[in-house]
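Structure first, then comments.
Just so it is clear, the model here is predicted, and its values are computed rather than measured.
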Amino acid sequence: MQPPVISPYQSLVAATPVVHRAVTVDGRTTHYWEYGPADATETVLAVHGFRGDHHGLETIAAHLRGVRVVVPDLPGFGISDPLPVSNIDAYVGWLTRFHGALGLGPETVVLGHSFGSIVTSAAVAAGLDTRLLVLVNPIAAPALQGPRAVGTGIAIGYYRAGAVLPRPVGLGLLRNRAIVRAMSLAMLKSRDRDLRRWVHDQHDRYFSAFADRTSVLEAFRTSVTHDVSEYADRIDVPVLLVAAEHDDITALPEQRALAARLRDAELVVVPEVGHLVHYETPGAAADAVLRRMAEPATRRRAGRGPARGTKRTSGESTSGESAS
C-alpha cells in the first residue's frame, strides 16, 4: 500500500496524546485508544461506525480539546476480537461490560457515529447510564423501508455473497478496492481535493479491517435491521443529535422526526456535508459536544426522572466547521 495521505488535521492529531490499551471482556480482547490528557476531568466514550475502526473518530477526539476520549475498535473490527454472534443484544452487552471494565460512570458522555449510534442508543435504552448521549450522523429510520430499501437489499446480497463464496473469492469481493472506493465516493460531499484524497485513503486503509466474513455479514444485518428510533421511547437521558444537511443514509426530515420523539433532544445540523461528519467537519461536531457538555448539570440531566408522558423538548441549530 502507498504511504498514507497526510491528514488535513495532522497538526492537531499529532499534538493530541494517545495511548493504546486492551481489556478482556467476556474472555475476548477489546482494543481501545485513549486520546487527550490522562488527568482530564471529562470523559467521552466514542463508538465508531460499520466497517470502520477507532481511526474514524480520531479527528473528533482530537478536536475535543481537554477531554479524555476513549475509542474502542468494535468487536470484530480493527484488531478487537469478534463476538460469538454479532447481533444488537451482543453489542449492547459488550458495550455495557466494556464501560464497566474501564470503571466509567454516569458522568461519562457516550457518543456513537452511524452504526455506533444504534449500538449506543440500544445500550442506553437498556440501562447504560450517561449524563449525555451524543449521536453523530444517527441512523434515525429503518433502512429496510422507504426509498433505501432496494439499495439495502442489494447490499445484503453483496455481504451474503462475500460470506458464502469460497474464502479467497469472498474476501476479495468484500475487500475489493473499487467497491470500497464507490462506497467512499457515495458518502463524500466535500469538493476539497486534499480532503477527498485523505478520506479515500482512510477508507482504503481501514474499511476492510474486519475479523472474518461471518462477523461483517452479521454486523451489516444488525446495522440495517435496527435504528435509533426503535429505542427512542426508552431513552430518558438528554440527547445531542449532530446531523448532516445532505446525509444520504438518513435524511434530515427523519432526523427531525427522531428528535421530536426523544424526551430531551437538541438537533444540530451541519451544513453542506453528508454521512462523513467525522471526517469532513469534525470541528463542528466537537464544538457542539463541548458546548453541550459545558452546560449546567440541571439542564444536561433534564431528561432523567419525569414520567414518559411529559412533553419532550427539542431544539435545532446549525453549526459550521471550526478551524483545525
- Task: Please report the C-alpha distance between Thr108 and Thr130 in whole Å, then the side-chain angles of each, then the deciding distance to 0.1 Å, and finally whether the side chain to side chain contact (heavy atoms under 4.5 Å, CB included) criterion is met.
- Result: CA-CA 6 Å; Thr108 296; Thr130 177; 5.7 Å; no
- Apply side chain to side chain contact (heavy atoms under 4.5 Å, CB included) to the pair Glu254 and Leu258, showing each step before the final yes or no. CA-CA 6 Å; Glu254 294 167 321; Leu258 173 62; over 6 Å; no
- Step by step, would you call Ile88 with Tyr231 a side chain to side chain contact (heavy atoms under 4.5 Å, CB included)? CA-CA 12 Å; Ile88 193 63; Tyr231 310 102; 3.5 Å; yes
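A side chain to side chain donor-acceptor pair (under 3.5 Å) with Lys189 is found for exactly one of Asp247, Thr281, Asp248, namely Asp248. Between Val268 and the choices Val289, Val134, Asp287, Leu240, the side chain to side chain contact (heavy atoms under 4.5 Å, CB included) rule is met once, by Leu240. For the ring-ring contact (aromatic ring centres under 6.0 Å, His included) with His20, the lone residue among Tyr35, Tyr32, Trp33 that qualifies is Trp33.
Side-chain contact between Leu133 and Ser121 is present, with at least one heavy-atom pair separated by less than 4.5 Å. For the pair His246/Val273, no side-chain contact is recorded, criterion being any heavy-atom separation below 4.5 Å from C-beta on. With contacts defined as side-chain heavy-atom distances shorter than 4.5 Å, the pair Val180/Asp204 qualifies. Pro138 has its side chain within reach of Gln255: a pair of non-hydrogen atoms, C-beta onward, lies under 4.5 Å apart. Between Ser86 and Ser215 the shortest side-chain heavy-atom distance falls below 4.5 Å. No side-chain heavy atom of Asn137 sits less than 4.5 Å from a side-chain heavy atom of Ile249. The side-chain heavy atoms of Thr43 and Val70, taken from C-beta on, include a pair separated by under 4.5 Å. Within the 4.5 Å cutoff, the side chain of Ser114 has heavy atoms near those of the His275 side chain.
With ring centers used as reference points, His203 lies under 6.0 Å from Tyr279. Aromatic rings of His48 and His113 (six-membered ring for Trp) have centroids beyond the 6.0 Å cut-off, not under it.
Around CZ of Arg291, the count of heavy atoms belonging to other residues, nucleotides or ligands within 6.0 Å exceeds 12.
Heavy atoms only, all atoms of each residue included: Gly36 and Thr16 are closest at N-CG2, 3.6 Å. Closest non-hydrogen pair, Ala46 versus Leu57, comes out as CB-CD1, 3.7 Å. Shown here for Ala243 and Leu252, the closest heavy-atom pair between the two residues is CB-CD1, 4.2 Å. Between Gly49 and Leu74 the shortest heavy-atom distance is O-CD1, 4.2 Å.
Side-chain contact of Asp73 with His31: a donor-acceptor pair under 3.5 Å is absent, judged by distance alone. With no hydrogens or angles considered, a side-chain donor-acceptor pair links Ser184 and His200 at under 3.5 Å. Side chains of Ser190 and Asp192: a donor-acceptor N/O pair is absent below 3.5 angstrom, by distance only.
Classification of Glu34 and Arg21 as a salt-bridged pair holds, one side-chain N sitting under 4.0 Å from a carboxylate O. Between Arg131 and Glu295, none of the side-chain N atoms (NZ, or NE/NH1/NH2) sits under 4.0 Å from a carboxylate O, so this pair counts as no salt bridge. Remark: Asp233 does not engage Arg263 in a salt bridge, criterion side-chain N to carboxylate O under 4.0 Å. Note on Glu266 versus Arg292: salt bridge recorded, some NZ/NE/NH1/NH2 to OD/OE distance being below 4.0 Å.
The aromatic rings of His55 and Tyr206 lie parallel to each other, with less than 30° between the two planes, well short of the 60° mark.
Note that CD1 of Ile139 is 13.0 Å distant from CD of Glu230, once rounded to the nearest 0.5 Å. In this structure, CG on Leu111 lies 8.5 Å from CG on Leu45, to the nearest 0.5 angstrom.
Tracing side-chain contacts under 4.5 Å through hydrophobic residues (I, L, V, M, F, W, Y), one never reaches Trp198 starting from Leu185; they form parts of separate clusters.
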Give every donor-acceptor pair under 3.5 Å between a side-chain atom in residues 156-175 and any protein atom, sequence neighbours left out.
from	atom 1	to	atom 2	distance (Å)
Tyr158	OH	Leu173	O	3.0
Tyr158	OH	Leu174	O	3.1
Tyr159	OH	Arg51	NH1	3.3
Arg175	NE	Ser208	O	3.0
Arg175	NH2	Ser208	O	3.4
Arg175	NH2	Phe210	O	3.3

Distance-only check: which donor-acceptor pairs under 3.5 Å involve side-chain atoms of residues 90-106, not counting sequence neighbours?
from	atom 1	to	atom 2	distance (Å)
Trp94	NE1	Thr30	OG1	2.9
Thr96	OG1	Val92	O	2.9
Arg97	NE	Asp26	OD1	3.3
Arg97	NE	Asp26	OD2	2.5
Arg97	NE	Gly93	O	3.4
Arg97	NH2	Asp26	OD2	3.0
His99	ND1	Leu104	O	3.2

